[in-house]
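First the structure, in the form of structure tokens, and then the observations on it.
We count ligands from 1, going down the list as the structure has it; atoms in each ligand are counted the same way.
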Amino acid sequence: MSTAAAPADHVRTRVAIVGAGPAGLILSHLLADAGIASVVIDQRSREQIESTIRAGILEQGTVDLLTAIDPNTRVHTVGDRHDGIELRFGGEGHRIDFRDLVDRSVWLYPQHEVLKDMLALRLASGQDLRFGVTASRVEDAETDHPRVIATAADGTPLTIEADFVVGADGSRSVVRAAVTGTSKGGYFREYPFAWLGILCEAPPSADELIYSNSENGFALISQRSHDVQRMYLQCDPDADPNALSDEQIWADLQSRVPGTTLKEGPIFQRDVLRFRSFVAHELRHGRAALVGDAAHTVPPTGAKGMNLAIADVVVLAKALVALLDEDDVRLIDEYAETASRRIWKAQHFSWWMTSMLHLTPETSDFDRRRQLGELRSVVDSRAGRTYLAEAYTGWPTGA
Ligand code: PHB
């Protein structure tokens, strides 16, 4: 080996984790807690990871876990507990009271804040965490010594030899091919609409999130802080986020939340979120497994993405500890089935919220009236509201 090369182009660890998103970082923490070393790589820089705008709702179980990881987590100071949401349709708002229905809550705390917290914690604990490292493939997943083949930011080749490889590398996962046999293999559905997301400088328009089904299409009124708000409006998947003026966006948003006057302000960020549902055909093959977006994608309506990723790693961490410390294969053999139970419940919930709240060009008069009947069935029934509250605040881990 040339001494001029980067110091280590060959590392050995127990678990190689590809992806430093919430799933990869939390997994590295849970493993470290059990005395199992890991190396985490991510092709992005720390700044990129910390500044990517994603969703903002944490389930009760996610908050419990983040609190166990760090009792001083900023979720409780910067984040905001929400005890319900509003479903709005036919010009009326209907509160889904989580506390009353299931005695649980959710927290509004943006994903990039979770990432900032977790990155700081992992780095302070001495985690081997490498930014700007791009994985190209996983080799020998069928053996006890799988490898990640990667390239560092400066072009130096890097091989990580491990006892197990985890793909926490998002929807364009490189690890997926080693698990499913193809990079795409999975159950998939695409929706004929997207969300135009905006960030604006304005005070909150409501105390809680408003999910609004209107004749003009769906809108979601969410929040970020006392002076920054996050809102979404249903749009065409190919829409140019910059095609509309601020005035047009505000007029559109106002028309979609009849009965509430939204507080307006300058819009400083716009993005289009496409709607997809995906579950990989296989979640584990030999000594490689998938978690988070590498394993599944949900449309954002149910706010399940990051929560589901974290639920996966809670299951996987236990299985890896049993496998690597006790040579016990039972939990890892059950990983795909255990994780799938929650994944498909979350898939259903995300699809259901999406289908109940959005209109498509194909929506007939019958469909429209049926949809309003469905919303009525939910809000008029304690059982209906309870299902929504249970799913939204999150099922217990392992369920
Ligand atoms: C958000 O605040 O970004 C958010 C909240 C709820 C959702 C999706 C996104 O269902």
Aromatic plane relationship, His348 with Tyr387 - under 30° parallel, 30 to 60° tilted, over 60° perpendicular: tilted
Ring geometry between Phe193 and His358 (parallel below 30°, tilted from 30 to 60°, perpendicular above 60°): parallel
Identity and distance of the protein heavy atom lying nearest atom 6 (C) of ligand 1: Tyr211 OH, 3.3 Å
Protein heavy atom at shortest distance from atom 8 (C) of ligand 1: Pro300 O, 3.4 Å
Give yes or no for whether the N/O distance cutoff of 3.5 Å, strictly under, is met between [X] and ligand 1.
X: Gln223; answer: no
X: Trp195; answer: no
X: Arg230; answer: no
X: Leu108; answer: no
X: Arg224; answer: yes
X: Tyr392; answer: no

Heavy atom of Met353, distance to ligand 1 below 4.0 Å: no
Ring-face cation of Arg189 near Tyr191 (centre distance under 6.0 Å, axis angle within 45°): yes
Short list, please: which atoms of ligand 1 are under 4.0 Å from a heavy atom of [X]?
X: Tyr232; result: 1 (C), 3 (O), 4 (C), 9 (C)
X: Ser222; result: 1 (C), 2 (O), 5 (C)
X: Ile57; result: 5 (C), 6 (C)
X: Ala55; result: 3 (O), 9 (C)
X: Leu209; result: 5 (C), 6 (C)

Passing candidate, side chain to side chain donor-acceptor pair (under 3.5 Å) with Asn213, options Gln371, Glu374, Gln234: Gln371
Check each heavy atom of [X] against ligand 1 and say whether those closer than 4.0 Å belong to the side chain, the backbone, both or neither.
X: Tyr109; answer: neither
X: Ala303; answer: both
X: Thr301; answer: backbone

Spell out, as yes or no, whether a donor-acceptor pair under 3.5 Å connects the side chain of [X] to the backbone of [Y].
X: Gln43; Y: Phe131; value: no
X: Ser340; Y: Ile343; value: no
X: Arg147; Y: Ala141; value: no

Pair Trp351 + Phe275: ring centers closer than 6.0 Å: no
Thr156 versus Asp9, side-chain donor and acceptor atoms under 3.5 Å: no
Distance-only side-chain donor-acceptor flag, Glu86 / His94, under 3.5 Å: no
Asp252 side chain reached by Ile249 side chain, heavy atoms, under 4.5 Å: no
